[in-house]
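Chain letters run A, B, ... following the sequence lines, proteins first, then strands; residues in each count from 1.
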Number of protein chains: 2
Amino acid sequence: MARRSDHSREQIKEMALQATEKILIEQGLAGLSTRKVAAAIGYTAGSLYLVFENLEDLLLHVNVRTLEKLFQTLQGSANDCPEVQTCLRNMALAYITFAKDHPNLWSAIFERQWQNEMPDWYNDKIAHLFQLVEDKFQQLLPEARTDKVAQAVRAYWCGVHGVCMLGLTGKLDAISDHSTEELSNTLIDNFLFGLTSKKESRDD
Amino acid sequence: MARRSDHSREQIKEMALQATEKILIEQGLAGLSTRKVAAAIGYTAGSLYLVFENLEDLLLHVNVRTLEKLFQTLQGSANDCPEVQTCLRNMALAYITFAKDHPNLWSAIFERQWQNEMPDWYNDKIAHLFQLVEDKFQQLLPEARTDKVAQAVRAYWCGVHGVCMLGLTGKLDAISDHSTEELSNTLIDNFLFGLTSKKESRDD
DNA sequence: ACCTGAACACCGTTCAAGT
DNA sequence: ACCTGAACACCGTTCAAGT
């Protein structure tokens, strides 16, 4: 062998991405390796470096697909709700459900500390996700300054993420029996109540 | 060689822990290996398995030391504050500061997905930490049911952790320029305002 | 009893060589 | 031009063998 051209670059890329996703789902990030991916698609490890920079780059491309799936899910729960607060609560629950349904794909996004800065096409996807939440906060606080809204969105989403992370990795099990969903609602309800009350009474 | 008895089991354990901590601080979790630790203390990798179960066990023992340092820091900021809300805000800021000051030690606690369940001596340390926050919430909501307080503590701490995590790993940089500390205060102030207002008005 | 050193089964990444 | 396969520099873990 040594010149097969059985597949185009794009085909190899797609095969590698699907194989990586499968391994990730089945064996988690710790079970992922370039050699396994290569074997799964019938090539040698070296070939992967023709279509991806390295394992990190490959993983980043899988993660962006996960973010796209997450976007679809959140978008679904962002509509179909009578009032804004319900939407925000549902979106948090949808996020938690997504993480529970795809624990290894979700972990792969946050588990590893990356060598390099995130590329723009990746950051754009995250901004896209945040926009969904930002729209809701815009509705909730129509008169607030844009940076106030941005601040609220981030605080909200960090909080939800923290609940999700500590809940799903079982870091709270030893201490608490409260479900992740309950925790999420407690955090959100109080946060939003604080946010909207202060808005009405003090208007700062 | 092959029988040196230069050091007792306890001494080797201590040397290994210190070497691991040093490597972790300087090179991060990705740069840690049993072979490096062994070389640093003048033994072979095999010897580590006489005093620790495996790398995960070794890391867990380093992490529990980090948790102890964190406990000291939080305890410091838990006293020396006029009112409860200020304490809670200070403790969150102390947590964030600790994470910023010891990024690799802090990450090592959360970065990896563990093979085994956490041992009791580890979970006890975490419970110990939570107790610091729980005491403050007990003061804040003196008439609340114990499980309500527990719920509030966890929601609060998850939120703070989420801010810290997404803030420190730079997962928000692309989107927001708000400092981690500001985010933390936004989350906490609104959460606590919601929590205490509802307590007074509705008393559920 | 204590520790080694080799072995086993893996890694990510590079690149000369083959077609 | 495309892909291999060997090489390099690493891993965690085990365990027979040496003192």
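Residue Asp6(A) contributes atom CG, which lies 14 Å from atom C1' of dA1(D) at whole-angstrom precision. Residue Tyr49(B) contributes atom OH, which lies 7 Å from atom P of dT14(D) at whole-angstrom precision. The CG-P distance, from Asn54(B) to dC10(C), rounds to 18 Å in whole Å. Atom CG of Asp57(A) and atom C1' of dG12(C) are 14 Å apart (whole Å). In this structure, the CG atom of Leu48(B) is 15 Å from the P atom of dG5(C), given to the nearest Å. Protein atom OH of Tyr43(B) is 9 Å distant from nucleotide atom C1' of dC2(C), rounded to whole Å. Rounding to whole angstrom units, NZ of residue Lys36(B) and C1' of dC11(C) are separated by 14 Å. One interatomic measurement links the two molecules: CD of Gln115(B) to C1' of dT13(D), which rounds to 13 Å at whole-angstrom precision.
In this structure, Ser33(A) reaches the sugar-phosphate backbone alone: every heavy-atom distance under 4.0 Å involves primed, P, OP1 or OP2 atoms, never a base. Residue-level contact check: Leu32(A) touches the backbone only, with heavy atoms under 4.0 Å from sugar-phosphate atoms and none from bases. Among the atoms of the strands shown, base atoms are found under 4.0 Å from some heavy atom of Ser47(A).
Annotation: Gln115(B), atom CD; neighbour count of heavy atoms from other residues, nucleotides and ligands within 6.0 Å does not exceed 12. In Asp80(B), the CG atom is not crowded: 12 or fewer heavy atoms of neighbouring residues, nucleotides or ligands sit closer than 6.0 Å.
Side-chain atoms of Leu50(B) lie closest to dC2(C) of the nucleotides dC3(D), dC2(C), dT14(D). Picking from dC11(C), dT13(D), dC2(C) the nucleotide with the shortest atom distance to the side chain of Leu55(B) gives dT13(D). Side chain of Thr44(B), nearest nucleotide from dT4(C), dT13(C), dT13(D): dT4(C).
A donor-acceptor distance shorter than 3.5 angstrom exists from the side chain of Tyr156(B) to the backbone of Leu88(B), with no hydrogens or angles considered. Between the Glu21(A) side chain and the Thr66(A) main chain, no donor and acceptor come within less than 3.5 Å of each other. Between the side chain of Ser47(A) and the main chain of Tyr43(A), no donor-acceptor pair closer than 3.5 Å is present.
The aromatic rings of His128(A) and Phe71(A) sit parallel, their planes meeting at an angle under 30°, below the 60° perpendicular limit.
Within the 6.0 Å centre-distance limit, the rings of Phe110(A) and His161(A) are counted as a close aromatic pair.
Using a 4.0 Å cut-off on heavy atoms, the residues of residues 10-28 of chain A that approach DNA chain D are Ile12(A), listed by number.
Looking at Glu134(A) and Gln138(A), their side chains never bring a donor and an acceptor atom within 3.5 Å of each other. No hydrogens or angles considered: a donor-acceptor pair under 3.5 Å links the side chains of Tyr95(A) and Trp106(A).
How far CD1 of Ile126(B) is from CD of Gln131(B): 14.0 Å, rounded to the nearest 0.5 Å.
Comparing the C1' positions of dC2(C) and dA17(D) gives a spacing of 13 Å, expressed to the nearest Å. Distance noted for atom P between dA9(C) and dC10(D): 22 Å (whole Å).
Between Arg35(A) and Arg9(B), the residue anchored nearer the 5' end of DNA chain C, judged by the nucleotide with its closest heavy atom, is Arg9(B).
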field: Per-nucleotide pairing state of DNA chain C [Watson-Crick or G-U, under 3.5 Å; [ ] pseudoknot-crossing; | other strand]
entry: ||.|||||...|||||.||

